[in-house]
Novice: 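Structure provided below as structure tokens; questions to follow.
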Amino acid sequence: MAEQSPITPRAKDFPEWYQDVIRAGDLAEPAIVVKGAMVIKPNGYAIWEKIQRELDDRIKATGHRNAYFPMFIPESFLKKEAEHVEGFSPELAVVTIGGGKELEERYVVRPTSETIIGHFFAKWIQSHRDLPMLINQWANIVRWELRTRMFLRTSEFLWQEGHTAHATHEESLKEVLRMLDVYADFAENVMAMPVIRGEKTASEKFAGGVKSYCIEGLMQNGWALQAGTSHDLGQNFGKAFDVKFQNMAGQSEYVWQTSWGVSTRLIGGLVMTHSDDAGLVCPPKLAPYHVVVIPIFKNDAERAATEEVGRRMVEDLKGKGLSVVFDNRDERPGAKYFEWERKGACARIEIGPKDLEKKSFAFKRRDLEKKEFVPMEKGVDHVVAQMEAMQKDLFNKAKKFRDESTRRIDTWDAFKAQMDGAGGFASCHWCGDGACEGQVKEDTKVTIRCIPLGNAKEAGKCVRCGRESGERVLFARAY
RNA sequence: CGGGGUGUAGCGCAGCCUGGUUCAGCGCGCCACGCUUGGGACGUGGAGGCCGGCGGUUCAAAUCCGCCCACCCCGACCA
């Protein structure tokens with residue numbers, strides 16, 4: 001039994017497993033010829049396209065419109081917001097030559113678009129009647145990273161970035177939280193990835209913003225993943241780019257802005273939330289393939305008969321909006337089973353001679369052990385129902401893991417022991433001092449992922465320094 | 001940028017210590033044909049490599065020496 005493209009078990013080496021799943025699932029490969037970049041292969045890009053479609057619908061449903069801004073940003077723009085440039089300058093790619101000639105002003109390849117969009121907002125916005133300005137952009141982003149991990153951190157990645165301007169802080173803050181909810185809903189209901197909504201501490205917030213909010217997921221190795229962010233930019237960029245409007249009283253005011261984004265990093269989160277030692281596991285709403293139909297036969301007559309029924313099955317399932325593959329390649333069935341499991345097909349259907357006799361087919365869901373036999377006439381409905389069930393089951397399974405991996409911890413020793421071991425979220429008291437937070441990070445590499453929204457107020461003592469604290473925050477190792 | 005490691009066929013590796021007829025090899029994959037097909041079959045035949053690059057030592061270099069380059073891991077920054 002020669003094993004092809006073996007996948008390292010999670011328990012043995014989680015990062016290795018992660019790479020293996022991506023490779024074996026044909027999602028992506030490191031570009032190598034371009035340092036830190038990756039090639040997203042069709043199987044991986046199909047997932048991204050589904051993410052885009054679902055999110056784009058939600059972004060538009062909340063009143064935003066798509067637009068596109070240049071990838072090159074004048075270097076001077078970055079410098080207009082002091083904290084922004086400080087935060088991003090270490091990871092900028094800069095264009096100095098164009099058409100063979102040294103440029104008068106260097107261009108930065110966008111690490112994010114607040115500045116260039118700020119510039120245009122200033123032109124577009126004059127009156128309160130122009131507000132709110134609700135813009136979204138699908139784009140590629142470049143950040144010169146030192147340490148890269150496929151999907152999770154690469155020097156170029158794809159994302160969506162929303163940029164909005166409002167007349168009041170009350171309104172912009174509402175927008176920030178509304179989009180955070182959109183992300184949370186998307187993560188849980190489409191990706192089947194449970195997330196915590198929360199607020200970032202000062203040290204983790206977006207450079208140039210006032211406050212950052214996030215959704216945080218928990219991966220199978222007990223590390224957290226920031227899956228999306230939504231920033232309250234206050235009037236910082238309004239002031240830097242002179243984005244002003246006349247209010248109803250005729251006075252000039254700076255706009256209140258927001259920005260929010262999710263990236264191809266989500267695919268990494270998807271992999272680390274659901275996949276197993278056999279390869280990719282994908283919730284039906286995002287899976288590149290829902291069903292694979294495999295005919296089984298011993299001779300030409302059986303081949304013709306099973307293929308005929310198989311093809312009809314494929315058409316019926318496609319009619320229900322499922323993406324279906326008919327795999328009649330000249331390989332042994334077992335080999336096909338393993339291949340489609342690696343590639344994350346949600347389910348497979350086997351149609352063999354015995355099935356023809358019994359007017360049934362064999363059905364195997366990717367996330368379950370057992371194989372079941374389903375009467376042909378109920379087949380399509382059964383498959384559709386199972387896709388819905390799988391979507392829910394994956395979420396529940398991930399949520400159970402997340403909940404069981406979230407612990408209230410009150411002593412420093414217990415904290416260290418937990419983080420040295422299984423990891424997970426540690427819900428702990430924190431004094432609120434950034435220095436203390438930094439010390440925890442230095443000692444344990446664990447960071448505060450967020451202060452959960454709607455957090456219960458509760459008196460306690462900081463897990464690190466023992467000073468007074470009014471609420472618990474979530475700590476974890478993070479990507 | 002520090003510390004460690006690796007560059008030999010598409011992938012994974014052996015060969016290097018002790019230069020030369022096991023030096024260009026193995027497993028997987030790939031191609032052809034046959035035989036098979038309800039959990040990774042098998043047989044036969046075949047294609048595929050400037051042994052990371054440059055220079056040196058030598059009668060002779062994948063092998064020894066020097067320099068360079070690339071990549072990976074670990075640390076400092078991060079959606």
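What you see below is based on every heavy atom in this structure, not just the backbone, and it leaves out hydrogens, waters and symmetry mates.
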Novice: Measure the distance from CZ on A:R149 to C1' on B:C73 and round it to the nearest whole Å.
Specialist: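 My rounded result for the distance is 11 Å.
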Novice: Tell me which pairs pass side chain to side chain donor-acceptor pair (under 3.5 Å) where either residue lies in residues 362-376 of chain A, with sequence neighbours left out.
Specialist: A:D276-A:R366, A:E350-A:K371, A:R365-A:D367, A:R365-A:Q386, A:R365-A:D393, A:E372-A:H382
Novice: Please give me the minimum heavy-atom distance between A:T229 and A:Y183, naming the atom from each residue.
Specialist: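 Looking at all heavy atoms of both residues, the shortest contact is O-CE1, 3.5 Å.
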Novice: Output one letter per nucleotide in nucleotides 31-38 of chain B: B when a protein non-hydrogen atom lies under 4.0 Å from the base, S when only the sugar-phosphate is that close, - when neither is.
Specialist: -----BBB
Novice: What donor-acceptor contacts under 3.5 angstrom involve side-chain atoms of residues 283-305 of chain A, with partners at least two apart or in another chain?
Specialist:
| from | atom 1 | to | atom 2 | distance (Å) |
| --- | --- | --- | --- | --- |
| A:K285 | NZ | A:N189 | O | 3.3 |
| A:H290 | ND1 | A:S323 | N | 2.9 |
| A:H290 | ND1 | A:S323 | OG | 3.4 |
| A:H290 | NE2 | A:P284 | O | 2.7 |
| A:N299 | OD1 | A:A301 | N | 3.2 |
| A:N299 | OD1 | A:E302 | N | 2.8 |
| A:E302 | OE1 | A:K298 | N | 2.7 |
| A:R303 | NE | A:E307 | OE2 | 3.2 |

Novice: So what does A:S203 hit on the nucleic acid, given a heavy-atom distance under 4.0 Å: a base, only sugar-phosphate, or nothing?
Specialist: nothing
Novice: Could you pull out all residues at least two apart from A:F77 that satisfy ring pair (Phe, Tyr, Trp, His ring centres under 6.0 Å)?
Specialist: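 Expected list: A:H119, A:F241.
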Novice: Looking at residues 133-145 of chain A, who's got a heavy atom less than 4.0 Å off RNA chain B?
Specialist: A:R143, A:E145
Novice: Who are the salt bridge (charged side-chain N to carboxylate O under 4.0 Å, His left out) partners of A:D277, not counting sequence neighbours?
Specialist: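 Partners of A:D277 under the salt bridge (charged side-chain N to carboxylate O under 4.0 Å, His left out) test: A:R10.
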Novice: Compute both the distance and the angle, then confirm whether A:R348 meets the cation-pi test with A:Y337: under 6.0 Å from the six-membered ring centre, within 45 degrees of the axis.
Specialist: yes
Novice: Tell me whether the NZ or CZ atom of A:R464 lies within the 45° cone about the ring axis of A:W430 and under 6.0 Å from its centre.
Specialist: no
Novice: Within the stacking criterion (centroid distance below 5.5 Å, interplanar angle below 30°), does A:F157 stack on B:A79?
Specialist: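 Stacked: centres under 5.5 Å apart, planes under 30°.
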Novice: Using 4.0 Å as the upper bound for N to carboxylate O, is an ion pair formed by A:E308 and A:R312?
Specialist: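 So A:R312 pairs with A:E308 through a salt bridge.
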Novice: Closer to the 5' end of RNA chain B via nearest nucleotide, is it A:K441 or A:Q19?
Specialist: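 By nearest-heavy-atom nucleotide position, the 5'-most residue is A:Q19.
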Novice: Using a 4.0 Å cut-off on heavy atoms, which residues in residues 262-285 of chain A reach RNA chain B? List them by number, or say none.
Specialist: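 Only A:S263, A:R265 qualify.
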Novice: Would you mind classifying the nucleic acid contact of A:E341 as base, sugar-phosphate or nothing, using non-hydrogen atoms under 4.0 angstrom?
Specialist: base
Novice: Under the rule for side chain to side chain donor-acceptor pair (under 3.5 Å), what residues qualify as partners of A:H274, not counting sequence neighbours?
Specialist: none
Novice: Taking side chain to side chain donor-acceptor pair (under 3.5 Å) as the definition, give me every residue that meets it alongside A:R53, ordered by chain and number, with sequence neighbours left out.
Specialist: none
Novice: Taking A:Q160 for the side chain and A:S263 for the main chain, is one N or O donor matched with an acceptor at less than 3.5 Å?
Specialist: no
Novice: Once you round it to whole Å, what is the distance between P of B:C11 and CD1 of A:I7?
Specialist: 19 Å
Novice: Are the aromatic ring centres of A:F206 and A:H84 under 6.0 angstrom apart?
Specialist: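 Here the rings of A:H84 and A:F206 have centres that are less than 6.0 Å from each other.
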Novice: Determine the contact category for A:K445: base if any of its heavy atoms lies under 4.0 Å from a base atom, sugar-phosphate if only primed atoms, P, OP1 or OP2 are that close, otherwise nothing.
Specialist: sugar-phosphate
Novice: Would you write out the dot-bracket form of RNA chain B, 5' to 3', with Watson-Crick and G-U pairs under 3.5 Å, [ ] for crossing pairs, | for pairs to other strands and . for unpaired bases?
Specialist: ((((((((.[[[[.)....(....]]]].(((((.......))))).....[[[[[..)....]]]]])))))))....
Novice: A:Y479 near the nucleic acid: base, sugar-phosphate alone, or nothing, with a heavy-atom cut-off under 4.0 Å?
Specialist: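 No contact.
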Novice: B:A79 C1' sits how many Å from A:Y183 OH, rounded?
Specialist: 11 Å
Novice: For A:E145, enumerate each residue passing the side chain to side chain donor-acceptor pair (under 3.5 Å) test, keeping only those at least two apart in sequence or located in another chain.
Specialist: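 For A:E145, no residue satisfies side chain to side chain donor-acceptor pair (under 3.5 Å) once neighbours in sequence are set aside.
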Novice: For a quick check of understanding: with a heavy-atom distance under 4.0 Å over all strands, which category does A:L152 fall into, base, sugar-phosphate or nothing?
Specialist: base
Novice: Round to a whole Å and report the spacing from CZ of A:R342 to C1' of B:G29.
Specialist: 12 Å
Novice: Can you name the side chain to side chain contact (heavy atoms under 4.5 Å, CB included) partners of A:V210, sequence neighbours left out?
Specialist: A:D232, A:N236
Novice: Expressed as a whole number of angstroms, how long is the span from A:R23:CZ to B:C11:P?
Specialist: 12 Å
